[in-house]
Engineer: 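Next up is a structure, given as structure tokens.
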There are 2 protein chains.
Amino acid sequence: MASHELDDTDHQLLRLLQADGRRTFSEMAPEVGLSVAAVKRRVDRMRESGVIKGFTVQVDHAKLGRGIEAFTELRFAGTTSVGDILASASRAPEVQAVFTIAGDLDALVHMRVRDIAHLQEVIDRLRGSGKVIGTRTLMVLGSWTRDD
Amino acid sequence: MASHELDDTDHQLLRLLQADGRRTFSEMAPEVGLSVAAVKRRVDRMRESGVIKGFTVQVDHAKLGRGIEAFTELRFAGTTSVGDILASASRAPEVQAVFTIAGDLDALVHMRVRDIAHLQEVIDRLRGSGKVIGTRTLMVLGSWTRDD
DNA sequence: CTTGAAAATATATTATC
DNA sequence: GATAATATATTTTCAAG
């Protein structure tokens, strides 16, 4: 293993792509001091090794009518498996991410909704989906994300 | 306003770009039944209106030596402003995102670390940064993210 | 094993309708 | 929005450090 060890140039390419995932090889080449072909080969290699999982677009959810963001902590019945938890919580389209958690709570669910009524509705849906025995919701007032 | 209303085709383009942010216009054009130029105009328009904030690369953090993920809830001294909270918590490079929260806790910090010792160290750094009066850390065992 | 340069192909971009 | 012309970028190939 460790067949995918990255040097400084690779890290620099990752940073460039994090800031703009559609940056062209031709644009990055002079910035890292390599030829276009060399840059492409490095990015291809990082893709193959799985260091780069993919590329995506960053969307302004508020402008798409889902301006409210919340985290809901879920507690499940003792018999629920992690797979069940992920499957159950990820079913709602408003759910952006599900984290299974060590300790007294079982999952943390990140969701985006239109308004408070919509939030209520999603929480009810989660609670109604069977094994959920408790929830606690944290409303997000503002956020900062490391540019990615 | 409402100058950035999106039709079904725009939403379809967003979905395609969410799944692969480097998909070419030429590839998307037949999928949405438009010409390449029309696709480019729509994507350009969504960029200008801010619906598309940007593009980025998705990285496998475990393969970069930061395989442990955690959320830390922070409570701050009563006099701390939201700006101070964001500034303070985002200082650590291990911090991926900071959410300011309504209710009894003040912030939820998403971080990625190398190992438990590293986690300990980051938490100590956060606690030591002045106004933090309490923390509670949730270790992430597993996660699922809607593909973006 | 990685690079750079060049050629061939594909894509992006712009102008016109 | 489509089509066509032009400018860029990607991708492959091959020779070389």
Side-chain angles (χ1 to χ4, degrees), chain A residues 1-65 146-148, chain B residues 1-67 114 145-148:
Chain A
M1 258 197 211
S3 73
H4 44 67
E5 258 163 55
L6 307 184
D7 62 12
D8 290 350
T9 304
D10 290 322
H11 280 105
Q12 202 180 342
L13 290 172
L14 285 179
R15 277 196 301 277
L16 290 170
L17 288 171
Q18 236 149 30
D20 177 5
R22 280 185 84 102
R23 212 181 289 256
T24 64
F25 300 139
S26 334
E27 197 181 342
M28 291 187 281
E31 303 203 50
V32 300
L34 286 178
S35 69
V36 173
V39 169
K40 172 178 164 33
R41 275 189 297 260
R42 280 166 179 267
V43 173
D44 285 349
R45 188 155 19 92
M46 289 193 280
R47 256 184 196 276
E48 278 194 37
S49 70
V51 168
I52 290 179
K53 292 191 291 187
F55 294 87
T56 194
V57 64
Q58 297 163 302
V59 157
D60 185 333
H61 293 90
K63 291 198 171 148
L64 287 181
R146 191 169 297 285
D147 75 50
D148 67 47
Chain B
M1 49 212 79
S3 71
H4 45 66
E5 259 163 52
L6 307 184
D7 63 11
D8 290 349
T9 304
D10 290 320
H11 280 105
Q12 203 180 341
L13 291 172
L14 284 179
R15 275 195 302 277
L16 290 170
L17 288 171
Q18 237 149 29
D20 178 4
R22 278 184 87 99
R23 211 182 288 259
T24 63
F25 298 141
S26 333
E27 197 182 341
M28 292 187 280
E31 303 204 49
V32 301
L34 287 178
S35 69
V36 174
V39 169
K40 173 178 164 29
R41 272 193 297 265
R42 279 168 179 268
V43 173
D44 284 348
R45 198 168 345 113
M46 288 193 280
R47 254 185 199 276
E48 278 194 39
S49 71
V51 168
I52 290 178
K53 292 191 291 185
F55 294 87
T56 194
V57 63
Q58 297 163 303
V59 159
D60 185 332
H61 293 91
K63 292 197 172 149
L64 288 181
R66 285 202 179 163
R114 201 167 44 242
T145 304
R146 188 169 298 285
D147 75 49
D148 68 50

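Throughout, a chain's letter reflects where its sequence line sits, starting with A, and its residues are numbered from 1.
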Engineer: Between protein and nucleotides 7-17 of chain C, map the contacts as a letter string: B base, S sugar-phosphate only, - none, heavy atoms under 4.0 Å, written 5' to 3'.
Structural biologist: ----SSBB---
Engineer: Once you round to the nearest 0.5 Å, how far does NE2 of A:His11 lie from CG of A:Leu13?
Structural biologist: 10.5 Å
Engineer: For a quick test of reading the model, state the closest non-hydrogen atom pair linking A:Gly50 to B:Asp60 and the distance between them.
Structural biologist: O-CB, 3.3 Å
Engineer: When you measure from the side chain of A:Arg22 to the backbone N and O of B:Arg23, does any donor-acceptor pair fall under 3.5 Å?
Structural biologist: yes
Engineer: State, to 0.1 Å, how close A:Val39 and A:Leu34 come at their nearest heavy-atom pair, and which atoms those are.
Structural biologist: CG2-CB, 4.2 Å
Engineer: Five pairs per end, C1' atoms only: what is the angle between the end axes of the helix from C:dC1-D:dG17 to C:dC17-D:dG1, to 10 degrees?
Structural biologist: 30°
Engineer: Atom CD of B:Glu31 and atom CD of B:Gln12: how far apart are they, to the nearest 0.5 Å?
Structural biologist: 8.0 Å
Engineer: Is it true that atom CG of B:Asp8 has more than 12 heavy atoms of other residues, nucleotides or ligands lying nearer than 6.0 Å?
Structural biologist: no
Engineer: To the nearest Å, how far apart are B:Leu34 CG and D:dA2 C1'?
Structural biologist: 10 Å
Engineer: Please confirm whether the backbone N or O of A:Gly21 pairs with a side-chain atom of B:Thr56, one donor and one acceptor, at under 3.5 Å?
Structural biologist: no
Engineer: Salt bridge between A:Arg42 and A:Asp10, side-chain N to carboxylate O under 4.0 Å?
Structural biologist: yes
Engineer: Could you tell me the separation between the CE atom of A:Met28 and the C1' atom of D:dT11, rounded to a whole number of Å?
Structural biologist: 14 Å
